[in-house]
Amino acid sequence: MKTCISTVLAALGCLLTGSAVGAQKLDGYRLVHDAALGLPVLASPLPADVRLLASTDPQRQNKDYLLLAPQEQRTAATLKGPALVLRLWFTSSVPEKTTVLMRVDGKAMPLLRQGKPTGYPPVKALGGVHEKAFFSYYPLRVRQALQLHVVNGSDQENKFFFQINYQSISDAVAETTTPAPRWQQLGQRIEKESRHPTPPSPTSTASGTVQCSPQQETPLPPLTGPGVLRYCALTPTATEWRALEKVYLLIRWDDEKQPSVIAPLSWLFGQYFERGQIQSTLLYSDGKSFTLRFPMPFERSAKFSMWNGHAAPVTVDWSVRYEKRNGAVPPYRFCATAAAQTTERGKPFLLLDAQGEGVLVGCTVGLQGGEMNRTLSFLEGNERIEVDDNPQKTLEGTGAEDFFNSAWFFPPQPFSFPFHGMTFKGVDPQRVSAYRLMLTDRVPFKKRLRLTLQHGGRNSSPGCLYRAVTFWYQKAPRHFAPRPDPTAATPSMDVKASLKSERQAEPLLWILGAMALVIGAFFFYRLVDKRKRAG
(Lines give C-alpha, C1' and ligand atoms only; values in the text may rest on other atoms or scores of the structure.)
Protein backbone atom coordinates (compact mmCIF):
# COMPACT_ATOMS: atom_id res chain seq x y z
CA MET A 1 0.00 0.00 0.00
CA LYS A 2 2.89 2.36 0.77
CA THR A 3 4.31 1.66 -2.66
CA CYS A 4 0.94 2.46 -4.25
CA ILE A 5 0.67 5.78 -2.41
CA SER A 6 4.24 6.77 -3.25
CA THR A 7 3.59 6.04 -6.93
CA VAL A 8 0.47 8.25 -6.88
CA LEU A 9 2.32 11.09 -5.19
CA ALA A 10 5.22 10.86 -7.62
CA ALA A 11 2.85 11.11 -10.59
CA LEU A 12 1.07 14.01 -8.89
CA GLY A 13 4.37 15.88 -8.71
CA CYS A 14 4.95 15.38 -12.44
CA LEU A 15 1.48 16.66 -13.24
CA LEU A 16 1.58 19.75 -11.06
CA THR A 17 4.93 20.86 -12.41
CA GLY A 18 3.78 20.31 -15.98
CA SER A 19 6.52 17.75 -16.52
CA ALA A 20 6.36 15.77 -19.73
CA VAL A 21 7.58 12.72 -17.82
CA GLY A 22 4.07 11.74 -16.84
CA ALA A 23 2.38 12.50 -20.16
CA GLN A 24 3.14 9.23 -21.94
CA LYS A 25 2.48 7.24 -18.78
CA LEU A 26 -0.91 8.89 -18.37
CA ASP A 27 -1.77 8.08 -21.94
CA GLY A 28 -0.72 4.58 -20.90
CA TYR A 29 -3.57 4.79 -18.37
CA ARG A 30 -1.43 4.77 -15.20
CA LEU A 31 -3.37 7.10 -12.91
CA VAL A 32 -6.26 8.34 -14.94
CA HIS A 33 -8.85 6.77 -12.63
CA ASP A 34 -7.54 8.17 -9.37
CA ALA A 35 -10.64 10.14 -8.48
CA ALA A 36 -9.27 11.82 -5.37
CA LEU A 37 -6.26 13.23 -7.22
CA GLY A 38 -8.01 13.43 -10.58
CA LEU A 39 -5.24 15.34 -12.34
CA PRO A 40 -4.64 13.79 -15.78
CA VAL A 41 -6.26 16.79 -17.45
CA LEU A 42 -3.48 19.01 -16.10
CA ALA A 43 -0.66 17.16 -17.84
CA SER A 44 1.50 19.17 -20.18
CA PRO A 45 1.89 18.66 -23.07
CA LEU A 46 -1.69 17.75 -23.95
CA PRO A 47 -2.68 14.07 -24.12
CA ALA A 48 -3.02 12.34 -27.46
CA ASP A 49 -6.10 12.89 -29.60
CA VAL A 50 -9.18 10.88 -28.69
CA ARG A 51 -10.98 9.00 -31.47
CA LEU A 52 -14.49 7.55 -31.56
CA LEU A 53 -15.44 4.32 -33.31
CA ALA A 54 -19.23 4.14 -33.23
CA SER A 55 -22.34 3.00 -35.07
CA THR A 56 -23.11 6.62 -35.96
CA ASP A 57 -25.12 6.98 -39.17
CA PRO A 58 -22.84 8.66 -41.75
CA GLN A 59 -25.93 9.81 -43.67
CA ARG A 60 -27.39 11.41 -40.52
CA GLN A 61 -30.75 9.76 -41.03
CA ASN A 62 -30.90 8.68 -37.35
CA LYS A 63 -30.07 5.06 -38.20
CA ASP A 64 -27.29 4.93 -35.62
CA TYR A 65 -27.23 1.16 -35.27
CA LEU A 66 -26.40 -2.15 -36.88
CA LEU A 67 -29.57 -4.02 -37.81
CA LEU A 68 -29.11 -7.71 -36.98
CA ALA A 69 -31.37 -10.30 -38.59
CA PRO A 70 -32.85 -13.07 -36.40
CA GLN A 71 -30.06 -15.38 -35.13
CA GLU A 72 -27.42 -13.34 -36.98
CA GLN A 73 -23.79 -13.17 -35.82
CA ARG A 74 -21.65 -10.25 -36.86
CA THR A 75 -18.38 -8.45 -36.17
CA ALA A 76 -19.72 -5.05 -35.18
CA ALA A 77 -16.40 -3.21 -35.00
CA THR A 78 -12.69 -3.71 -35.60
CA LEU A 79 -10.04 -1.48 -34.04
CA LYS A 80 -6.44 -1.83 -35.19
CA GLY A 81 -3.65 -1.23 -32.67
CA PRO A 82 -1.55 -0.25 -31.00
CA ALA A 83 -4.32 1.63 -29.23
CA LEU A 84 -5.66 2.39 -25.80
CA VAL A 85 -9.41 1.92 -25.27
CA LEU A 86 -10.69 4.63 -22.94
CA ARG A 87 -14.42 3.92 -22.92
CA LEU A 88 -16.72 1.20 -24.22
CA TRP A 89 -20.53 1.46 -24.40
CA PHE A 90 -23.24 -0.51 -26.17
CA THR A 91 -26.93 -1.41 -26.06
CA SER A 92 -29.48 -3.26 -28.19
CA SER A 93 -33.23 -3.28 -28.76
CA VAL A 94 -33.51 -6.91 -27.55
CA PRO A 95 -30.84 -6.94 -24.82
CA GLU A 96 -32.10 -10.11 -23.13
CA LYS A 97 -31.29 -12.05 -26.30
CA THR A 98 -27.98 -10.35 -27.11
CA THR A 99 -24.52 -11.86 -26.63
CA VAL A 100 -21.42 -9.70 -27.02
CA LEU A 101 -17.84 -10.95 -27.16
CA MET A 102 -14.71 -8.83 -27.36
CA ARG A 103 -11.50 -10.28 -28.78
CA VAL A 104 -8.30 -8.42 -27.91
CA ASP A 105 -5.12 -9.57 -29.68
CA GLY A 106 -6.71 -12.98 -30.16
CA LYS A 107 -7.89 -13.36 -26.56
CA ALA A 108 -11.65 -13.81 -26.14
CA MET A 109 -13.32 -11.65 -23.49
CA PRO A 110 -17.10 -12.22 -23.08
CA LEU A 111 -19.00 -9.08 -22.12
CA LEU A 112 -22.65 -10.18 -22.27
CA ARG A 113 -24.30 -13.61 -22.52
CA GLN A 114 -27.98 -13.56 -23.49
CA GLY A 115 -28.34 -10.22 -21.78
CA LYS A 116 -26.60 -11.28 -18.57
CA PRO A 117 -23.32 -9.63 -17.47
CA THR A 118 -20.19 -11.78 -17.34
CA GLY A 119 -18.39 -9.91 -14.59
CA TYR A 120 -16.46 -7.66 -16.94
CA PRO A 121 -15.02 -5.22 -16.14
CA PRO A 122 -13.46 -6.76 -13.03
CA VAL A 123 -13.54 -3.43 -11.16
CA LYS A 124 -17.12 -2.51 -10.26
CA ALA A 125 -16.57 1.25 -10.15
CA LEU A 126 -15.26 1.22 -13.72
CA GLY A 127 -18.25 -0.29 -15.50
CA GLY A 128 -21.06 -2.81 -15.71
CA VAL A 129 -24.63 -3.13 -17.01
CA HIS A 130 -27.35 -0.71 -15.98
CA GLU A 131 -30.86 -0.65 -17.46
CA LYS A 132 -30.00 -2.17 -20.88
CA ALA A 133 -26.73 -0.22 -21.25
CA PHE A 134 -23.23 -1.70 -20.92
CA PHE A 135 -20.38 0.69 -20.11
CA SER A 136 -16.72 0.24 -19.20
CA TYR A 137 -13.83 2.54 -18.35
CA TYR A 138 -11.50 -0.34 -17.57
CA PRO A 139 -8.13 0.08 -19.38
CA LEU A 140 -7.58 -1.97 -22.52
CA ARG A 141 -4.24 -1.91 -24.31
CA VAL A 142 -4.55 -3.21 -27.84
CA ARG A 143 -1.29 -4.32 -29.44
CA GLN A 144 -2.62 -5.59 -32.77
CA ALA A 145 -6.41 -5.58 -33.04
CA LEU A 146 -9.71 -5.53 -31.15
CA GLN A 147 -12.92 -7.00 -32.54
CA LEU A 148 -16.39 -6.55 -31.08
CA HIS A 149 -18.63 -9.52 -31.97
CA VAL A 150 -22.39 -9.53 -31.42
CA VAL A 151 -24.91 -12.39 -31.65
CA ASN A 152 -28.64 -11.80 -31.98
CA GLY A 153 -30.24 -14.79 -30.25
CA SER A 154 -33.71 -13.44 -30.89
CA ASP A 155 -36.23 -14.51 -33.54
CA GLN A 156 -36.77 -10.86 -34.41
CA GLU A 157 -34.58 -8.07 -35.72
CA ASN A 158 -32.25 -6.49 -33.19
CA LYS A 159 -30.74 -2.99 -33.31
CA PHE A 160 -27.20 -2.84 -31.90
CA PHE A 161 -25.63 0.50 -30.92
CA PHE A 162 -22.00 0.92 -29.81
CA GLN A 163 -19.30 3.49 -29.04
CA ILE A 164 -15.56 2.96 -28.48
CA ASN A 165 -13.40 5.91 -27.38
CA TYR A 166 -9.69 5.27 -27.87
CA GLN A 167 -6.25 6.76 -28.44
CA SER A 168 -3.52 5.63 -30.79
CA ILE A 169 -0.42 4.91 -28.69
CA SER A 170 3.17 3.81 -29.16
CA ASP A 171 4.25 0.18 -29.17
CA ALA A 172 6.13 0.78 -25.91
CA VAL A 173 3.01 1.93 -24.05
CA ALA A 174 1.00 -0.92 -25.54
CA GLU A 175 3.41 -3.36 -23.94
CA THR A 176 3.09 -1.92 -20.43
CA THR A 177 0.68 -3.41 -17.92
CA THR A 178 -0.81 -2.29 -14.65
CA PRO A 179 -1.30 -4.99 -11.96
CA ALA A 180 -4.92 -5.95 -11.35
CA PRO A 181 -4.67 -5.26 -7.57
CA ARG A 182 -3.73 -1.68 -8.45
CA TRP A 183 -6.98 -1.19 -10.35
CA GLN A 184 -8.95 -2.85 -7.57
CA GLN A 185 -7.53 -0.34 -5.09
CA LEU A 186 -8.31 2.59 -7.32
CA GLY A 187 -11.80 1.24 -8.02
CA GLN A 188 -12.55 0.94 -4.33
CA ARG A 189 -11.27 4.45 -3.74
CA ILE A 190 -13.40 5.85 -6.55
CA GLU A 191 -16.51 4.13 -5.19
CA LYS A 192 -15.87 5.41 -1.66
CA GLU A 193 -15.06 8.97 -2.70
CA SER A 194 -18.13 9.18 -4.95
CA ARG A 195 -20.54 8.07 -2.23
CA HIS A 196 -18.86 9.65 0.79
CA PRO A 197 -16.51 12.45 -0.27
CA THR A 198 -13.66 13.03 2.15
CA PRO A 199 -12.07 16.49 2.19
CA PRO A 200 -8.36 16.29 1.33
CA SER A 201 -5.71 17.42 3.77
CA PRO A 202 -3.82 20.08 1.83
CA THR A 203 -1.62 22.73 3.34
CA SER A 204 -4.21 25.53 3.62
CA THR A 205 -7.91 25.95 4.35
CA ALA A 206 -10.33 28.86 4.41
CA SER A 207 -14.02 29.17 5.29
CA GLY A 208 -16.67 31.69 6.18
CA THR A 209 -20.18 33.00 5.51
CA VAL A 210 -21.26 35.69 3.06
CA GLN A 211 -24.54 37.57 2.76
CA CYS A 212 -25.43 38.02 -0.91
CA SER A 213 -27.66 41.03 -1.49
CA PRO A 214 -30.16 40.94 -4.38
CA GLN A 215 -28.83 41.92 -7.81
CA GLN A 216 -25.26 42.22 -6.56
CA GLU A 217 -21.96 40.35 -6.90
CA THR A 218 -20.54 39.42 -3.50
CA PRO A 219 -16.83 38.51 -3.36
CA LEU A 220 -15.30 35.86 -1.12
CA PRO A 221 -11.82 36.39 0.36
CA PRO A 222 -9.30 35.77 -2.45
CA LEU A 223 -6.62 33.08 -2.40
CA THR A 224 -3.04 33.91 -3.31
CA GLY A 225 -0.87 31.59 -5.36
CA PRO A 226 0.74 29.68 -6.72
CA GLY A 227 -1.47 26.83 -5.61
CA VAL A 228 -4.02 24.17 -6.52
CA LEU A 229 -7.56 24.38 -5.19
CA ARG A 230 -8.71 20.88 -4.36
CA TYR A 231 -12.06 21.27 -2.60
CA CYS A 232 -14.82 23.88 -2.63
CA ALA A 233 -18.02 23.43 -0.60
CA LEU A 234 -20.94 25.88 -0.84
CA THR A 235 -24.10 25.72 1.27
CA PRO A 236 -26.75 28.35 0.43
CA THR A 237 -29.54 29.01 2.89
CA ALA A 238 -32.15 29.75 0.24
CA THR A 239 -35.25 27.73 1.06
CA GLU A 240 -36.82 28.25 -2.35
CA TRP A 241 -35.24 25.84 -4.81
CA ARG A 242 -35.90 28.07 -7.81
CA ALA A 243 -33.77 30.77 -6.21
CA LEU A 244 -30.62 28.68 -6.71
CA GLU A 245 -30.79 28.87 -10.50
CA LYS A 246 -30.51 32.64 -10.03
CA VAL A 247 -27.45 32.37 -7.77
CA TYR A 248 -24.29 32.25 -9.90
CA LEU A 249 -20.83 31.03 -8.96
CA LEU A 250 -18.05 33.08 -10.57
CA ILE A 251 -14.31 32.31 -10.40
CA ARG A 252 -11.51 34.45 -11.80
CA TRP A 253 -7.97 33.10 -12.09
CA ASP A 254 -4.77 35.13 -11.90
CA ASP A 255 -6.38 38.57 -11.81
CA GLU A 256 -8.35 38.07 -15.03
CA LYS A 257 -11.20 40.52 -15.55
CA GLN A 258 -13.71 38.07 -17.02
CA PRO A 259 -14.57 34.93 -15.00
CA SER A 260 -13.53 31.53 -16.31
CA VAL A 261 -16.28 29.90 -14.23
CA ILE A 262 -19.74 31.40 -14.61
CA ALA A 263 -22.84 29.27 -14.02
CA PRO A 264 -25.95 29.00 -11.82
CA LEU A 265 -25.10 26.98 -8.74
CA SER A 266 -27.84 24.38 -9.20
CA TRP A 267 -27.07 23.85 -12.91
CA LEU A 268 -23.40 23.35 -12.13
CA PHE A 269 -24.38 20.21 -10.23
CA GLY A 270 -26.92 18.90 -12.73
CA GLN A 271 -29.98 19.96 -10.73
CA TYR A 272 -32.17 21.74 -13.25
CA PHE A 273 -35.67 20.80 -12.12
CA GLU A 274 -35.67 20.17 -8.37
CA ARG A 275 -33.41 19.43 -5.45
CA GLY A 276 -31.63 16.14 -5.84
CA GLN A 277 -28.47 14.18 -5.23
CA ILE A 278 -25.40 13.77 -7.37
CA GLN A 279 -22.68 11.38 -6.24
CA SER A 280 -19.71 11.42 -8.59
CA THR A 281 -15.97 11.70 -8.42
CA LEU A 282 -15.75 15.48 -8.84
CA LEU A 283 -19.32 16.74 -8.31
CA TYR A 284 -21.24 15.97 -5.13
CA SER A 285 -24.47 17.32 -3.66
CA ASP A 286 -26.99 16.04 -1.15
CA GLY A 287 -29.52 18.62 -2.32
CA LYS A 288 -28.45 21.19 0.26
CA SER A 289 -24.68 21.51 0.06
CA PHE A 290 -22.61 21.58 -3.15
CA THR A 291 -19.05 20.24 -3.34
CA LEU A 292 -16.77 20.91 -6.31
CA ARG A 293 -13.65 18.72 -6.41
CA PHE A 294 -12.07 19.45 -9.78
CA PRO A 295 -8.37 20.22 -9.27
CA MET A 296 -8.04 23.95 -9.99
CA PRO A 297 -4.51 25.37 -10.30
CA PHE A 298 -3.78 29.10 -10.14
CA GLU A 299 -0.57 31.10 -10.48
CA ARG A 300 -1.24 34.41 -8.71
CA SER A 301 -4.77 34.37 -7.34
CA ALA A 302 -8.15 32.65 -7.21
CA LYS A 303 -11.09 35.01 -6.71
CA PHE A 304 -14.54 33.56 -5.93
CA SER A 305 -17.76 35.55 -5.93
CA MET A 306 -21.51 34.93 -5.91
CA TRP A 307 -24.07 36.81 -7.98
CA ASN A 308 -27.53 36.83 -6.43
CA GLY A 309 -30.21 37.38 -9.04
CA HIS A 310 -32.91 36.37 -6.57
CA ALA A 311 -35.28 38.99 -5.15
CA ALA A 312 -34.28 38.23 -1.56
CA PRO A 313 -30.88 38.03 0.16
CA VAL A 314 -29.14 34.64 0.11
CA THR A 315 -26.61 33.54 2.71
CA VAL A 316 -23.87 31.14 1.61
CA ASP A 317 -21.56 29.17 3.90
CA TRP A 318 -18.31 28.37 2.08
CA SER A 319 -15.21 26.28 2.67
CA VAL A 320 -12.15 25.68 0.47
CA ARG A 321 -9.02 23.57 0.76
CA TYR A 322 -5.97 24.15 -1.38
CA GLU A 323 -2.31 23.34 -1.72
CA LYS A 324 0.27 26.09 -1.83
CA ARG A 325 3.03 25.46 -4.35
CA ASN A 326 6.59 26.69 -4.34
CA GLY A 327 7.15 26.28 -8.07
CA ALA A 328 5.10 26.90 -11.18
CA VAL A 329 1.73 25.22 -11.72
CA PRO A 330 0.37 23.91 -15.05
CA PRO A 331 -0.89 26.63 -17.41
CA TYR A 332 -4.38 25.13 -17.75
CA ARG A 333 -7.18 26.72 -15.73
CA PHE A 334 -10.49 25.13 -14.81
CA CYS A 335 -13.43 26.60 -16.74
CA ALA A 336 -17.19 26.16 -16.64
CA THR A 337 -19.90 28.04 -18.50
CA ALA A 338 -23.67 27.82 -18.68
CA ALA A 339 -25.69 27.66 -21.89
CA ALA A 340 -29.43 28.13 -22.35
CA GLN A 341 -31.46 27.93 -25.54
CA THR A 342 -34.93 27.29 -26.87
CA THR A 343 -34.23 24.93 -29.74
CA GLU A 344 -34.77 26.03 -33.33
CA ARG A 345 -35.45 23.82 -36.31
CA GLY A 346 -32.26 23.05 -38.21
CA LYS A 347 -29.93 24.42 -35.51
CA PRO A 348 -28.17 22.31 -32.83
CA PHE A 349 -27.86 23.40 -29.21
CA LEU A 350 -24.45 25.02 -28.57
CA LEU A 351 -22.89 24.03 -25.25
CA LEU A 352 -19.39 25.41 -25.85
CA ASP A 353 -17.26 27.11 -28.48
CA ALA A 354 -13.78 27.60 -26.97
CA GLN A 355 -10.88 29.10 -28.87
CA GLY A 356 -7.39 28.32 -27.63
CA GLU A 357 -5.72 25.25 -26.17
CA GLY A 358 -7.28 22.98 -23.59
CA VAL A 359 -9.12 19.78 -22.66
CA LEU A 360 -12.86 19.05 -22.51
CA VAL A 361 -13.70 17.11 -19.32
CA GLY A 362 -17.50 16.90 -19.06
CA CYS A 363 -20.88 18.57 -18.72
CA THR A 364 -24.29 18.55 -17.04
CA VAL A 365 -27.53 19.06 -18.98
CA GLY A 366 -31.19 19.77 -18.33
CA LEU A 367 -33.35 18.96 -21.37
CA GLN A 368 -37.07 19.67 -21.55
CA GLY A 369 -39.44 18.98 -24.42
CA GLY A 370 -41.85 21.52 -25.79
CA GLU A 371 -45.62 21.39 -25.70
CA MET A 372 -45.69 19.16 -28.77
CA ASN A 373 -43.20 16.63 -27.31
CA ARG A 374 -45.33 13.92 -25.74
CA THR A 375 -42.33 11.57 -25.76
CA LEU A 376 -38.59 11.94 -25.23
CA SER A 377 -37.96 11.75 -28.98
CA PHE A 378 -36.02 15.03 -28.83
CA LEU A 379 -33.20 12.94 -27.27
CA GLU A 380 -32.63 11.30 -30.67
CA GLY A 381 -30.11 14.07 -31.42
CA ASN A 382 -26.39 13.23 -31.30
CA GLU A 383 -23.66 15.05 -29.43
CA ARG A 384 -21.00 16.43 -31.76
CA ILE A 385 -17.49 17.41 -30.63
CA GLU A 386 -15.56 19.32 -33.29
CA VAL A 387 -11.82 19.62 -32.63
CA ASP A 388 -9.49 22.22 -34.20
CA ASP A 389 -11.85 22.69 -37.17
CA ASN A 390 -10.60 19.33 -38.45
CA PRO A 391 -13.41 17.04 -39.68
CA GLN A 392 -11.19 13.98 -39.16
CA LYS A 393 -11.04 14.77 -35.43
CA THR A 394 -14.80 15.22 -35.02
CA LEU A 395 -16.50 12.89 -32.55
CA GLU A 396 -20.21 12.25 -33.12
CA GLY A 397 -22.22 9.77 -31.09
CA THR A 398 -25.49 7.88 -31.46
CA GLY A 399 -27.97 9.80 -29.29
CA ALA A 400 -28.18 12.15 -26.31
CA GLU A 401 -28.75 9.47 -23.65
CA ASP A 402 -25.99 7.31 -25.18
CA PHE A 403 -23.50 10.13 -24.57
CA PHE A 404 -24.37 9.82 -20.88
CA ASN A 405 -23.76 6.03 -20.94
CA SER A 406 -27.47 5.27 -20.72
CA ALA A 407 -29.93 3.95 -23.32
CA TRP A 408 -33.50 4.04 -24.63
CA PHE A 409 -34.37 7.53 -23.38
CA PHE A 410 -32.94 6.83 -19.90
CA PRO A 411 -34.42 4.52 -17.23
CA PRO A 412 -37.41 5.63 -15.14
CA GLN A 413 -35.47 6.24 -11.90
CA PRO A 414 -32.44 8.52 -11.27
CA PHE A 415 -29.03 6.90 -10.91
CA SER A 416 -25.54 8.11 -10.05
CA PHE A 417 -22.19 6.54 -11.01
CA PRO A 418 -18.69 7.96 -10.51
CA PHE A 419 -18.46 9.27 -14.09
CA HIS A 420 -22.07 9.63 -15.25
CA GLY A 421 -25.66 9.63 -14.08
CA MET A 422 -29.23 10.92 -14.41
CA THR A 423 -30.33 13.26 -11.64
CA PHE A 424 -33.98 13.68 -12.66
CA LYS A 425 -36.64 12.45 -15.07
CA GLY A 426 -40.18 13.73 -15.33
CA VAL A 427 -43.27 13.87 -17.53
CA ASP A 428 -45.80 16.54 -18.53
CA PRO A 429 -43.67 17.92 -20.00
CA GLN A 430 -41.00 15.34 -20.76
CA ARG A 431 -37.72 16.38 -19.18
CA VAL A 432 -34.46 14.88 -17.97
CA SER A 433 -31.20 16.04 -16.39
CA ALA A 434 -27.89 14.15 -16.54
CA TYR A 435 -24.13 14.49 -16.17
CA ARG A 436 -20.95 12.99 -17.59
CA LEU A 437 -17.36 13.43 -16.41
CA MET A 438 -14.84 12.73 -19.15
CA LEU A 439 -11.76 11.95 -17.08
CA THR A 440 -10.37 9.04 -19.06
CA ASP A 441 -11.80 10.02 -22.43
CA ARG A 442 -11.15 13.76 -22.10
CA VAL A 443 -10.87 15.51 -25.45
CA PRO A 444 -7.81 17.75 -26.03
CA PHE A 445 -7.80 20.64 -28.49
CA LYS A 446 -5.02 22.96 -29.66
CA LYS A 447 -6.95 25.68 -31.49
CA ARG A 448 -10.67 25.29 -30.95
CA LEU A 449 -13.33 23.01 -29.52
CA ARG A 450 -17.02 23.19 -30.37
CA LEU A 451 -19.55 21.02 -28.49
CA THR A 452 -23.13 20.84 -29.75
CA LEU A 453 -26.14 18.63 -29.07
CA GLN A 454 -28.72 17.94 -31.72
CA HIS A 455 -32.43 17.73 -30.93
CA GLY A 456 -34.68 15.20 -32.60
CA GLY A 457 -33.35 13.02 -35.37
CA ARG A 458 -32.08 15.93 -37.46
CA ASN A 459 -32.52 19.04 -35.26
CA SER A 460 -36.21 18.54 -35.84
CA SER A 461 -37.59 19.26 -32.35
CA PRO A 462 -38.02 23.06 -32.08
CA GLY A 463 -39.42 24.68 -28.94
CA CYS A 464 -37.50 22.51 -26.45
CA LEU A 465 -35.72 24.11 -23.50
CA TYR A 466 -32.07 23.01 -23.41
CA ARG A 467 -29.75 24.00 -20.54
CA ALA A 468 -26.18 22.91 -19.83
CA VAL A 469 -22.95 23.61 -17.97
CA THR A 470 -19.73 22.47 -19.67
CA PHE A 471 -16.42 21.76 -17.89
CA TRP A 472 -12.99 22.11 -19.49
CA TYR A 473 -9.41 23.27 -18.85
CA GLN A 474 -7.78 25.96 -21.00
CA LYS A 475 -4.65 28.08 -21.30
CA ALA A 476 -4.81 31.88 -21.36
CA PRO A 477 -6.14 33.79 -23.16
CA ARG A 478 -9.48 32.08 -22.72
CA HIS A 479 -12.06 33.00 -25.35
CA PHE A 480 -15.30 31.05 -25.21
CA ALA A 481 -19.02 31.22 -25.86
CA PRO A 482 -21.66 31.20 -24.65
CA ARG A 483 -20.72 33.42 -21.72
CA PRO A 484 -23.92 34.13 -19.76
CA ASP A 485 -24.69 37.48 -18.22
CA PRO A 486 -25.79 36.87 -14.62
CA THR A 487 -27.22 40.38 -14.39
CA ALA A 488 -29.80 39.46 -17.00
CA ALA A 489 -32.86 37.39 -16.24
CA THR A 490 -31.84 33.76 -15.80
CA PRO A 491 -33.71 31.47 -18.22
CA SER A 492 -36.02 29.47 -15.99
CA MET A 493 -36.62 25.73 -16.13
CA ASP A 494 -39.96 26.26 -14.42
CA VAL A 495 -42.47 24.06 -16.21
CA LYS A 496 -45.42 26.43 -16.14
CA ALA A 497 -43.36 29.47 -17.12
CA SER A 498 -41.60 27.71 -19.95
CA LEU A 499 -44.80 26.41 -21.48
CA LYS A 500 -46.79 29.61 -21.11
CA SER A 501 -45.82 31.07 -24.49
CA GLU A 502 -46.48 27.79 -26.26
CA ARG A 503 -49.88 27.38 -24.66
CA GLN A 504 -50.82 30.87 -25.77
CA ALA A 505 -50.55 29.52 -29.31
CA GLU A 506 -52.91 26.61 -28.59
CA PRO A 507 -56.14 28.41 -29.70
CA LEU A 508 -54.61 29.07 -33.13
CA LEU A 509 -53.50 25.44 -33.35
CA TRP A 510 -57.02 24.28 -32.46
CA ILE A 511 -58.52 26.55 -35.15
CA LEU A 512 -56.07 25.30 -37.78
CA GLY A 513 -56.74 21.70 -36.74
CA ALA A 514 -60.49 22.20 -36.96
CA MET A 515 -60.16 23.78 -40.39
CA ALA A 516 -58.07 20.84 -41.59
CA LEU A 517 -60.74 18.40 -40.36
CA VAL A 518 -63.50 20.31 -42.10
CA ILE A 519 -61.57 20.48 -45.37
CA GLY A 520 -60.71 16.79 -45.11
CA ALA A 521 -64.31 15.84 -44.41
CA PHE A 522 -65.49 17.92 -47.38
CA PHE A 523 -63.17 16.22 -49.85
CA PHE A 524 -63.96 12.80 -48.37
CA TYR A 525 -67.69 13.48 -48.86
CA ARG A 526 -67.06 14.60 -52.46
CA LEU A 527 -65.08 11.42 -53.16
CA VAL A 528 -67.79 9.15 -51.71
CA ASP A 529 -70.52 11.02 -53.56
CA LYS A 530 -68.59 10.76 -56.82
CA ARG A 531 -68.22 7.00 -56.43
CA LYS A 532 -71.93 6.61 -55.69
CA ARG A 533 -72.84 8.54 -58.81
CA ALA A 534 -70.44 6.45 -60.86
CA GLY A 535 -72.02 3.26 -59.47
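Residue indices begin at 1 and follow the sequence shown.
- Side-chain N or O atoms of N373 include one that pairs as donor or acceptor with a backbone N or O of G370 at under 3.5 Å.
- In terms of modelled atom types and a separation under 3.5 Å, the side chain of T470 and the main chain of T337 share no donor-acceptor contact.
- Counting only distance, with no hydrogens or angles, the side chain of Q167 and the backbone of L84 share no donor-acceptor pair below 3.5 Å.
- Pairing each heavy atom of F134 with each of S136, the nearest pair is CE2-CB, 3.9 Å.
- One finds the CZ atom of F378 at 8.0 Å from the OG atom of S461 (value rounded to the nearest 0.5 Å).
- Taking the ring centre of F480 as origin, the terminal cationic atom of R483 falls inside the region bounded by 6.0 Å and 45° from the ring axis.
- V316 pairs in a side-chain contact (heavy atoms from CB on, under 4.5 Å) with only one of the listed residues (T209, V210, N308), which is V210.
- A donor and an acceptor atom, one from each side chain of E245 and S266, are nowhere located under 3.5 Å apart.
- A side-chain donor from one of W408 and T91 sits under 3.5 Å from a side-chain acceptor of the other.
- No side-chain donor-acceptor contact under 3.5 Å links E396 to the backbone of R384.
- Just one of Y284, W472, F334 meets the ring pair (Phe, Tyr, Trp, His ring centres under 6.0 Å) condition when paired with F294; it is F334.
- With hydrogens and angles ignored, the 3.5 Å screen pairs a side-chain donor or acceptor of T237 with a backbone N or O of T315.
- The shortest non-hydrogen separation linking G399 to E383 is O-OE1, 3.9 Å.
- Checking each of K393, K446, R450 against D388 for a salt bridge (Lys or Arg N to Asp or Glu O under 4.0 Å) leaves exactly one that passes, namely K393.
- Expressed to the nearest 0.5 Å, how far CD of E344 lies from OG1 of T342 amounts to 8.5 Å.
- Atom CG of residue L265 and atom CG of residue L249 lie 6.5 Å apart, to the nearest 0.5 angstrom.
- Side-chain contact of S207 with S319: a donor-acceptor pair under 3.5 Å is absent, judged by distance alone.
- Proximity of the aromatic rings of Y435 and H420 is defined here by a centroid distance below 6.0 angstrom, and this criterion is not met.
- Between D485 and Y248, the side chains place no donor N or O within less than 3.5 Å of an acceptor N or O (distance only, hydrogens not considered).
- Between Y466 and F349, the distance separating the two ring centers is shorter than 6.0 angstrom.
- Here the side chain of T423 pairs a donor or acceptor atom with the backbone of G270 at under 3.5 angstrom.
- If you run salt bridge (Lys or Arg N to Asp or Glu O under 4.0 Å) between D254 and each of K303, R333, R478, only R333 comes through.
- The heavy-atom pair separating P484 from A338 by the smallest distance is CD-O, 3.5 Å.
- Put simply, CZ on F298 and CD1 on I251 are 10.5 Å apart, with the number rounded to the nearest 0.5 Å.
- Q211 and T218 form no side-chain donor-acceptor contact under 3.5 Å, judged by distance and modelled atom types alone.
- Nearest heavy atoms, L234 versus W318: CD2-CB, 3.7 Å.
- Checking E386 against T394 by side-chain atom types alone, no donor-acceptor pair falls below 3.5 Å.
- One side chain, Q163 or R87, offers a donor N or O that lies under 3.5 Å from an acceptor on the other.
- With Q474 contributing its side chain and Q355 its backbone, the two residues share a donor-acceptor pair below 3.5 Å.
- Between the H455 side chain and the K347 main chain, a donor and an acceptor come within less than 3.5 Å of each other.
- A donor-acceptor pair is defined here as one N or O able to donate and one able to accept, closer than 3.5 Å; no such pair exists between the side chain of R448 and the backbone of G356.
- Side-chain polar atoms of E323 and S204 form no donor-acceptor pair below 3.5 angstrom.
- Partner F304 forms a side-chain contact (heavy atoms from CB on, under 4.5 Å) with one of P221, P259, C232, P222 and no other, that one being C232.
- The CG atom of L86 sits 6.5 Å away from the CG atom of N165 when rounded to the nearest 0.5 Å.
- Residues passing the side-chain hydrogen bond (donor to acceptor under 3.5 Å, both in side chains) test with Q279 are R195, sequence neighbours excluded.
- Evaluated for a ring pair (Phe, Tyr, Trp, His ring centres under 6.0 Å) with F135, the options F417, F419, W89 yield exactly one hit, F417.
- In terms of heavy-atom proximity, T398 sits nearest to A54 at CG2-CB, 4.5 Å.
- A side-chain donor-acceptor contact under 3.5 Å links E401 to the backbone of F409.
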